[in-house]
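A quick write-up on the structure given underneath.
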There are 2 protein chains.
Amino acid sequence: MSAPVRIAVLAGGVGGARFLRGLREAAARRWPDGDGGTTAAITAIVNTGDDAWLAGLRITPDLDSILYTLAGVNDEQRGWGRVGETERVSAELAEYGIGWPWFTLGDLDLGTHIARTSMLRDGLPLSAASARIHSRWPLGVTLLPMTDDEVETHVEVDDPESPDPDQRIRTMHFQEWWTRYRASLPARRFVQQGIETATPAPGVLETIEAADVILLAPSNPVVSIGTILNVPGIRAALSRGAGRVIGVSPIIDGSVVRGMADACLTAIGVATSASAVALHYGARIAGGLLDGWLVDSADNQAVESLAAAGIATVARPLWMVDLEKSAAIADAALELGLRAR
Amino acid sequence: MSAPVRIAVLAGGVGGARFLRGLREAAARRWPDGDGGTTAAITAIVNTGDDAWLAGLRITPDLDSILYTLAGVNDEQRGWGRVGETERVSAELAEYGIGWPWFTLGDLDLGTHIARTSMLRDGLPLSAASARIHSRWPLGVTLLPMTDDEVETHVEVDDPESPDPDQRIRTMHFQEWWTRYRASLPARRFVQQGIETATPAPGVLETIEAADVILLAPSNPVVSIGTILNVPGIRAALSRGAGRVIGVSPIIDGSVVRGMADACLTAIGVATSASAVALHYGARIAGGLLDGWLVDSADNQAVESLAAAGIATVARPLWMVDLEKSAAIADAALELGLRAR
């Protein structure tokens, strides 16, 4: 019996969740374990830069989006949170003036937040608390937070309403910018507070270094994948690892697949195109990250120029509209990643 | 216009809540403000010895029982918690193995706990956090925690199952003894952890000293009223104050009005009778607390002997079966307290 294939994935929230669900399915078909699962070992390294303290509770939106999706308890219609959710506690919190009125915490979701926070307050690191929470469901994927340290993405925006012309920069938590303002306030820059001193969570570097293939999910290249890559040590582990690094474009035909990644790309001076994001990550042979890149069939024209830049690129349908399509995308990424170098 | 009558009440949970609701009504009749309320200033000093950290949240059962009852949102049928309560979050916590399985936290109730804990984590003392929470409803009564410090009543019980004969004492939080074991394990003693270094919350001593009358609600004499009295400074303030101190018996005809106070009295060697509890508090003229004492009509035989011991005692129906009865009891206590000394 050969050793299981080891797959590492860098992932953000909802896009990462759908991709991982497809990957789990693709792996179960390629390497079936005879029991509906896979012999492949899939480990996701998840962005925690969107995390926040809210109403005294530690919220980890990306970990939870992936958890709920892989557990099959996510709300497919709404696109986030738990299915069958209610908001009785949130209504009470609003009466007491606690929390963010524009960020509703569902009752079932609050169960997760309270459990996590209780463990954190007891001294468990986030990775251990998450592992305990994840053990509730058979996920088929190991989820690791990128770091146990508190890293929070904040956004600097122009504040034209400030009375003091020298004070026209306002800083807010990423969640406020993203959820409250729907990324409509032009971002000057993103500040990942605490990232300089953050260390990768236990297992993160080992997972990357031991992986046969490393996939970048079609998540936000700036505030999801970009934040993970900024944790000291992670980028170097990707360069050092023997596994091929394959990314999946979150941009299709010049538009974002979901969310408002274009606003984030604009802030860092990267065009909203599949090509520009690939070149932002960079070709591994030129000191960047990517061995390969998946673009949508609509971006077929990018294949040749990216290949010329040293990034093996293939075009496939990239809309993750259902499990079958997501599995096909993940399978194409695996195909590219496992191709002999 | 004369200064408002100032009434201070020492109170525990459900018994204290019903008594305070009756007192608010009695005061509105004696000293109406023309708007359905009262010109009297009623301040309750509430036991916090039943408080606990549970699932990372600070639970204050007595403060909340009184809050919900005075706000009119309590569950009269069940006798505790919020009316219309659900337990969706609790079911999630159980799945994660967080919390006490024998202590269910309702969803609406959790809103209060999360709000309170959030404020405490932000550095607010309990008295300030409570005041913010209480401001949601017009209560007509000011509720002060006895202390801002964490005092928790623990119970020492025999543990006959211990393999080591020298280790047959087990200590548990009062809530576990009371709620999980329904006080069925004989208590060796009660330990109020943290009480030696606790200080009365802001306003507590001032309230007692300035009061025209001080009432001891028919709450548990050991773990509710007894705990309040053990906060350093409170007993002395009662002795020092000009206001008469009137207690209402929580024992009727040798039985507890509600709860399992008999198990607590037994542990401290006090008989379960209206007389014994009065003598446990002691006559103020003999260095104890009480100027006056209300017993149930069924305990009429105790009136003379207690009077002889220096405690002015009257017998009245003491079952707080409805608002009218509770108001009559409170009014009798006021009558006794405001009688010229």
Side-chain angles (χ1 to χ4, degrees), chain A residues 52-60 63-64 67-68 71 73 81-101 103-124 126 128-138, chain B residues 52-60 63-64 67-68 71 73 81-101 103-124 126 128-138:
Chain A
W53 282 104
L54 177 56
L57 300 172
R58 189 66 179 168
I59 314 292
T60 63
L63 278 167
D64 289 355
L67 171 67
Y68 297 152
V73 297
R82 293 279 298 266
V83 70
E85 189 56 287
T86 48
E87 294 167 1
R88 289 178 45 90
V89 179
S90 243
E92 291 293 305
L93 293 177
E95 290 288 340
Y96 292 124
I98 291 293
W100 293 331
F103 195 94
T104 299
L105 298 164
D107 295 327
L108 302 178
D109 199 28
L110 269 167
T112 310
H113 304 322
I114 294 170
R116 173 191 309 113
T117 306
S118 172
M119 295 182 220
L120 294 176
R121 300 286 193 193
D122 281 348
L124 257 66
L126 178 61
S130 297
R132 265 191 65 187
I133 286 172
H134 301 165
S135 70
R136 175 175 171 186
W137 289 287
Chain B
W53 282 104
L54 177 56
L57 301 171
R58 189 65 178 168
I59 314 292
T60 64
L63 278 167
D64 290 354
L67 171 67
Y68 297 152
V73 298
R82 293 278 299 265
V83 70
E85 189 57 287
T86 48
E87 294 168 1
R88 291 184 36 96
V89 179
S90 243
E92 291 294 305
L93 293 177
E95 291 287 342
Y96 292 124
I98 291 292
W100 294 331
F103 195 94
T104 300
L105 298 164
D107 295 327
L108 302 178
D109 199 28
L110 270 166
T112 310
H113 303 324
I114 294 170
R116 172 191 310 112
T117 305
S118 171
M119 295 182 220
L120 294 175
R121 300 285 192 195
D122 282 348
L124 255 66
L126 177 62
S130 297
R132 266 192 64 187
I133 286 172
H134 301 165
S135 70
R136 174 175 171 187
W137 289 288

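Because the structure is a prediction, the values reported are computed rather than measured.
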Quiz item: Looking at B/Ser118, B/Ser135, B/Gly56, which has the largest count of heavy-atom pairs under 4.5 Å with chain A?
Solution: B/Ser118
Exercise. Measure A/Arg58 against the heavy atoms of chain B and call it side chain, backbone, both or neither at under 4.5 Å.
Key: neither
Quiz item: Based on non-hydrogen pairs under 4.5 Å, which of B/Asp122, B/Asp109, B/Leu93, B/Leu110 is most in contact with chain A?
Solution: B/Leu93
Quiz item: Any side-chain heavy atom of A/Tyr96 within less than 4.5 Å of one from B/Arg132?
Solution: no
Exercise. State which residue, out of B/Thr60, B/Leu57, B/Leu105, B/Ile133, fulfils the side-chain contact (heavy atoms from CB on, under 4.5 Å) condition with B/Thr112.
Key: B/Ile133
Self-check item: Option that, when pairs with chain A are counted at under 4.5 Å, heavy atom only, ranks first among B/Leu120, B/Val89, B/Leu54, B/Thr117
Solution: B/Val89
Quiz item: For A/Ser130, which residues count as a side chain to side chain contact (heavy atoms under 4.5 Å, CB included) partner, sequence neighbours excluded?
Solution: A/Leu63, A/Leu126, A/His134
Practice problem: Mind checking side chain to side chain contact (heavy atoms under 4.5 Å, CB included) for A/Glu87 and listing every partner two or more places apart, or none if nothing turns up? | Solution: A/Arg78, A/Ser90, A/Thr104
